[in-house]
Every structure is written in structure tokens, then in C-alpha cells.
Amino acid sequence: MLVIGIALLASAAILAPMGFLAYRRWQHRHALATLCPRAFVALAGHNVTLHGRAATGPAGTVESRLAGVECVWHGHEVIRHYTTWRTVEETGERQQVLGDDRIADYSSPELFALIGPDGSPPSDQPILVDPEEADTTRVNLCLQRVVSRPQRGVPAPADDLLGRIKGRVSGIFRGETLEFEYRERAIRAGDPLIVRGRVELREGHPVLVAPEDGRLSIEHSTTAPPPVPRPPVHALLLSGSALLLGIAGLLLLVSS
């Protein structure tokens, strides 16, 4: 009985740390999948790809400049469509050529938050996203409008967007203007996102910024996020087995 009790206790001593380590590994994977901020502190300086949902940042919600929608981030651009003429070398004929130039480009600088795919906020301040110089071309449009250029003697079409654009209008105004196209993109609270960038610590808190060799990528997600790891059954079995073996071993030692 004594030998069996000692063997059971030894087995419990082996299984207990194995179960503890398995549970800790699951806990870490679960924290990463649910975007727990504490899990990303150790990843400072590393590039990551995060699936989550947009949430309000320190500045709260903002209003987009053109469409006036409530959001956590917005950006707009103005495209000038024009026409020029060129001479065809073979025939000497004049040929009309269409072109376009971006004459205005703006991105709101406010930081917004990224929370877990299920939309539940973490217990502490969530991970923040710094959209400065980010690639947002895959963020959904909330407004797209084309306004024709004014014609002499014809009332100009209502262009209430011109006075709302932010930043400087610049560019090479070549050729003859055909129309102006306004595009605005916005991220609303709760929108599913994929953000690719580098983890940076600001006052000990993780913030996603542009990688050292590229741009921060923000895009609306159209695919399901990776599944959150399920509770570790094997870890529970190892821990439970260790507990039972330990109790059985102690009982045998006491009774022997």
C-alpha cells in the first residue's frame, strides 16, 4: 500500500504541472484571440494581424466631414476628372485623352479602439489604433458623389461638399475639367475590421502603428474571424487526474 501510495503521489506531481502549463497556454491564446490588451504588452515591436471590431477611442465618436455620419474614423478624397488632347504620330490627328488627379486627401487623426470579434469590451482600456499614414483603401465608402463642372450660362449643380473638405486643395490642373468626384470612407463603432501593423507601447498601453518598413493597413472584414480557442479539456483532465491521484495516494499513505 505504501509503495502504491508513493507511486500515485509521484504521478500526481508529474500531471499537475503539465495541466497547469496546458491551461496557461490556452489562456494566452484566448487572450490574444479576444484582443485582451495585457496579452499584447509582450509583443511590443512585433508586427501583428488582428481581427476585431471598431470601438470609440479617447476622443469618442466623431462626425465625418462630407456625409456627416457618426463614426470613430473617417477620411475623404477629391478626384478631378479631366480631358486633354494629344496628337497621334502616325496620322497627325488630334485624339481626346481622359485622365484624373487627386486634388484633396484627408484622414482624421483621432485614435480609435479595437475590441474582440464578439464585440465585448475588455475590463481595462482596449487596444488603440493610430490611423496616421494608414492604408485605408479597403475601408468601406460612406459617400461617393460626382459633380459636373459648371457650364457658362447654366446654373451650377449643387456642390455643398466643396466647403466641407478638410486640408489643402492642390494638384496640377491640366486639361479641361469634366467633373469632381468626392469619396468618403468611414469606420463606425462595431464594424468588423482587420488591422495589420506593429505593436507600440505608449505609457505602457499597446497601440497599433505603421510597421517600420510599410504602412498600417486597416480594412473592413468580409470573412469570419479565426475561432476563439475552446476551453482546454485536456488541461482539465490532467488537473483532475492529478487531484484524484494525489488524494488516492494520501489516503493510501495514511491507511498504511
Side-chain angles (χ1 to χ4, degrees), residues 26-77 105-143 166-167 183-229:
W26 169 83
Q27 194 176 42
H28 180 66
R29 292 196 301 269
H30 185 271
L32 291 176
T34 56
L35 304 191
C36 178
R38 291 190 298 272
F40 288 86
V41 172
L43 295 178
H46 290 75
N47 293 341
V48 295
T49 298
L50 303 186
H51 296 252
R53 292 188 178 274
T56 54
T61 56
V62 294
E63 185 178 284
S64 69
R65 297 282 301 186
L66 305 186
V69 300
E70 190 177 78
C71 56
V72 298
W73 175 89
H74 62 92
H76 60 257
E77 60 182 348
D105 194 0
Y106 173 77
S107 172
S108 62
E110 292 86 3
L111 276 67
F112 63 90
L114 192 67
I115 59 178
D118 61 354
S120 57
S123 57
D124 51 357
Q125 184 183 6
I127 297 171
L128 297 177
V129 179
D130 187 345
E132 183 179 4
E133 297 298 326
D135 177 7
T136 56
T137 54
R138 289 180 293 276
V139 171
N140 294 342
L141 289 168
C142 66
L143 178 142
K166 183 82 171 178
R183 300 174 186 169
E184 184 170 55
R185 305 177 190 274
I187 299 174
R188 297 174 173 88
D191 283 355
L193 299 177
I194 301 176
V195 183
R196 298 177 178 87
R198 178 172 56 89
V199 179
E200 178 181 277
L201 295 184
R202 296 182 183 177
E203 299 181 354
H205 189 80
V207 179
L208 288 180
V209 299
E212 295 180 353
D213 58 349
R215 301 177 66 186
L216 178 72
S217 173
I218 306 173
E219 63 181 278
H220 271 104
S221 175
T222 57
T223 58
V228 176

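These figures come from a predicted structure and were not determined experimentally. Note: hydrogens, waters and symmetry copies are ignored here, and every other heavy atom, side chains too, is used.
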Per-pair distances, 0.1 Å, donor-acceptor, side chain in residues 191-199, under 3.5 Å, sequence neighbours excluded:
| from | atom 1 | to | atom 2 | distance (Å) |
| --- | --- | --- | --- | --- |
| D191 | OD2 | R188 | N | 2.9 |
| D191 | OD2 | H220 | NE2 | 2.9 |
| R196 | NH1 | E219 | OE2 | 2.6 |

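- Considering only residues two or more places apart in sequence or on other chains, R202 meets the salt bridge (charged side-chain N to carboxylate O under 4.0 Å, His left out) condition with D130, E200.
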Quiz: residues 70-77 side-chain donor-acceptor pairs under 3.5 angstrom, not counting sequence neighbours:
| from | atom 1 | to | atom 2 | distance (Å) |
| --- | --- | --- | --- | --- |
| W73 | NE1 | S107 | OG | 3.1 |
| W73 | NE1 | S108 | O | 3.3 |
| H76 | NE2 | K166 | N | 3.0 |
| E77 | OE1 | R102 | NE | 2.7 |
| E77 | OE1 | R102 | NH2 | 3.0 |
| E77 | OE2 | R183 | NH1 | 3.4 |

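- Residues passing the side chain to side chain contact (heavy atoms under 4.5 Å, CB included) test with A210, sequence neighbours excluded: L216.
- Residues that satisfy the side chain to side chain donor-acceptor pair (under 3.5 Å) test with N47, not counting sequence neighbours, are absent from this structure.
- When the side chain to side chain donor-acceptor pair (under 3.5 Å) test is applied to T61, no partner is found at least two apart in sequence or on another chain.
- Applying the salt bridge (Lys or Arg N to Asp or Glu O under 4.0 Å) test to pairs two or more places apart or on separate chains, none has a residue in residues 43-69.
- Although no hydrogens or angles enter the test, the distance criterion places no donor-acceptor pair under 3.5 Å between the side chain of Q125 and the main chain of H205.
- T56 meets the side chain to side chain donor-acceptor pair (under 3.5 Å) test with no other residue; sequence neighbours excluded.
- In this structure, L114 and P126 approach most closely via the heavy-atom pair O-CB, 4.1 Å.
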query = Can you list the steps and then say if L208 with V48 is a side-chain contact (heavy atoms from CB on, under 4.5 Å)?
reply = CA-CA 9 Å; L208 288 180; V48 295; 3.7 Å; yes
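- I187 CD1 to C142 SG: the interatomic distance, rounded to the nearest 0.5 Å, is 10.5 Å.
- With sequence neighbours excluded, the residues that form a salt bridge (charged side-chain N to carboxylate O under 4.0 Å, His left out) with D135 are R138.
- V41 approaches P206 most closely through the heavy-atom pair CG2-CD, 4.4 Å.
- For E110 (side chain) and A59 (main-chain N/O), no donor-acceptor pair under 3.5 Å exists by modelled atom type.
- Residues that satisfy the side chain to side chain contact (heavy atoms under 4.5 Å, CB included) test with P109, not counting sequence neighbours, are Y106.
- With hydrogens and angles disregarded, no donor-acceptor distance shorter than 3.5 Å links the side chain of R185 to the backbone of N140.
- Closest approach of L111 to P131, counting heavy atoms only: CA-CD, 4.2 Å.
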